[in-house]
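Everything quoted here is computed from the prediction, not taken from an experiment.
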Amino acid sequence: MDMLTGIALLLAFLVVVVAIIRGQSPIIMLLILAIVWAALAGIGINDIQSKVLQAGGVTFASAVIIIVFGAWFAQVLIQTGIAESVIRSAVELAGDRPMVSAMVVTLVTAILFTSMYGVGAAIAIGVIALPIMMSQGIPPRLAAPAFTMGIGAGTMVNLVQFGTFQKLFPGIEYGGKELAYWTVGGCVYVLCAWLMTAIVLKRSGVRQMASVDAAAAPVRKRTPYYTYIVPIFPVLMIIFAKWEIIPTFLLSIVLALALTWKDRSLQGHVNLFNKTFFDAFPDIATIAALWTICGMIIVCGQMPQVSAALKPIFGPILPHTPLQAAVFFGLLGGICSIYRGPLVVIGTGAAVLALVLANKDLPVPLLYSLWLAPTVMQGSVDPTNSWTLWTIGYTKISHGEFLKTALPFGCLMVAINSTIAYLMLAT
């Protein structure tokens, strides 16, 4: 009986994966999956509404709050002009050298997104960085992934990313050898993006290409150089002062305003403080909804009736040892994260995560570290991701052009980082 139920649950899972790949709303499809799974497993209506929908819906509420503060801090960096000043100064140092400019954009974007978060933050940086690259003759099909992969590299150590996933992977901490690996992983992603840049520009012969016109954001007055510490200040506070994430973001917001105090009056500071908070909410609407629904999926997947039915189906497929996990994510993590595939945790991968956690075969810090590379790849190479989709539209390229350029190097990053994670954390 469990086997038949498990097959029915698997079929429901596959239907949802295909529906999301074809463009259906992940929020709606995952909500349906949570209800259908519970019903197929024989869970009663009272337990569905109380344990799956209600309890599951609030399970990761604290993760949404962390996302709010991360998006708020990003808005402060944008509206004070600090983020724009950092990236323009860095690109100016590169001069009229397209390859160096593209590499600098990737690196500086990665540094900014160690603490910035949200589609609004990505757009605000993109409207500065992308026109700079394309005006130097860098083809749009390269400029787009050079920018989004920089976001992904920064996300490897991003405080919001960690703070939210800490709820999914209980027991992980921002420090120790895990943080050392995440930092190395971010560097590997930058290097893979640089390799992509070098190969594409060498093949295309950028000097023979005409520059591409793109609407640039108005240039604002530069903030002083000492303000450039603000984007990495939250990371430093967490590592060295051992502060919690929300107080760290609050202090960082105050610091950003204090270091740009000459630009506005006291009332102007108060107004900007309030405005950036409200401006942060459109950035997080979709991701907040996904976190809420994924809580339902994970709670449902861990209920005895569901886990017992799925274990015979997924047991032979899912990894049970660190080496198996490294091979599993190294080979499948890249390709199975595109179009919100089955290894995207904030997606149908929530169901897979529920099963892996229920098995209790792998140390949770190792599991998170192995899952991190596919996660950040989805956030920087998957065309259905919000800021990746915006970047593709802004540069006027097709999904196919973007993936042809970015996908091989994203998969390379996942394979390399899976190997490094095993060597650093499991041996």
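A donor and an acceptor atom, one from each side chain of Asp361 and Gln324, are nowhere located under 3.5 Å apart. Side-chain contact check for Trp72 and Thr276: at least one donor-acceptor pair (N or O, by modelled atom type) lies under 3.5 Å. Side-chain atoms of Gln136 and Ser101 include a donor-acceptor pair closer than 3.5 Å.
A heavy-atom distance below 4.5 Å is found between the side chains of Leu77 and Pro231. Here the side chains of Phe233 and Thr248 are not in contact, with every heavy-atom distance at 4.5 Å or above. Within the 4.5 Å cutoff, side-chain heavy atoms of Tyr181 are placed close to those of Asn417. Contact of the Thr391 side chain with the Leu130 side chain is registered, since non-hydrogen atoms from C-beta on lie closer than 4.5 Å. Contact annotation: the side chain of Pro139 approaches that of Leu201 to within less than 4.5 Å [non-hydrogen atoms, C-beta and beyond]. Looking only at side-chain heavy atoms (C-beta outward), Ile123 and Trp387 stay at 4.5 Å or farther from each other. Taking the side chain as every heavy atom from C-beta outward, Phe402 and Thr388 approach each other to under 4.5 Å. Side chains of Phe13 and Val16 form no contact here, defined as non-hydrogen atoms less than 4.5 Å apart.
A pairwise comparison of heavy atoms in Thr197 and Ala102 identifies CG2-CB, 3.7 Å as the closest pair. Taking both residues in full, the closest heavy atoms of Met156 and Gly185 are given as CE-CA, 3.6 Å, listed atom of the first, atom of the second, then distance. A pairwise comparison of heavy atoms in Leu407 and Ile335 identifies CD2-CD1, 4.1 Å as the closest pair. Between Ile78 and Ala124, the closest heavy-atom pair is CD1-CB, 3.5 Å. Across all non-hydrogen atoms, the minimal contact from Val381 to Leu403 is O-CD2, 3.7 Å. Nearest heavy atom pair, residue Thr405 against residue Leu142, reads CG2-CA, 4.5 Å.
Ring geometry, Tyr368 versus Trp182: the interplanar angle exceeds 60°, so the pair is classed perpendicular (tilted spans 30 to 60°). Taking the six-membered ring where tryptophan is involved, the planes of Phe73 and Phe249 are tilted, since the angle between them lies from 30° to 60°. Between Tyr228 and Tyr225, the two ring planes are perpendicular [angle over 60°; tilted spans 30° to 60°].
Remark: the backbone N or O of Ile132 is paired with a side-chain donor or acceptor of Ser135 at under 3.5 angstrom. Listed for the Lys242 side chain is a donor-acceptor partner under 3.5 Å among the backbone atoms of Ile239. Remark: the backbone N or O of Met149 is not paired with any side-chain donor or acceptor of Ser380 at under 3.5 angstrom. Judged by distance alone, with hydrogens and angles left aside, the side-chain atoms of Trp194 form a donor-acceptor pair with the main-chain N or O of Met103 at under 3.5 Å. Remark: side-chain polar atoms of Thr292 are paired, donor with acceptor, to backbone N or O of Ala288 under 3.5 angstrom. Without hydrogens or angle criteria, Tyr174 side chain to Val157 main chain gives a donor-acceptor distance under 3.5 Å. A donor-acceptor distance shorter than 3.5 angstrom exists from the side chain of Trp37 to the backbone of Leu9, with no hydrogens or angles considered. At least one donor-acceptor pair under 3.5 Å links the side chain of Ser337 to the backbone N or O of Gly334. Listed for the Gln166 side chain is a donor-acceptor partner under 3.5 Å among the backbone atoms of Ile172. Glu401 places a side-chain N or O within donor-acceptor distance of the main-chain N or O of Ser398, the cut-off being under 3.5 Å.
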Walk me through whether Gln378 and Ile338 qualify under side chain to side chain contact (heavy atoms under 4.5 Å, CB included). CA-CA 6 Å; Gln378 188 278 327; Ile338 299 302; over 6 Å; no
Inset, instruction - Mind running salt bridge (charged side-chain N to carboxylate O under 4.0 Å, His left out) on Arg88 and Glu92 for me, showing each step along the way? - result: CA-CA 6 Å; Arg88 287 193 184 279; Glu92 283 178 0; over 6 Å; no
Could you go through the side chain to side chain contact (heavy atoms under 4.5 Å, CB included) check for Glu244 and Ile238 one step at a time? CA-CA 7 Å; Glu244 297 296 330; Ile238 295 289; 6.0 Å; no
Report task. Dump the intermediate steps for side chain to side chain contact (heavy atoms under 4.5 Å, CB included) on Phe69 and Ile245, then the final yes or no. Result -> CA-CA 9 Å; Phe69 278 87; Ile245 293 176; over 6 Å; no
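Annotation: Ile28, atom CD1; neighbour count of heavy atoms from other residues, nucleotides and ligands within 6.0 Å does not exceed 12.
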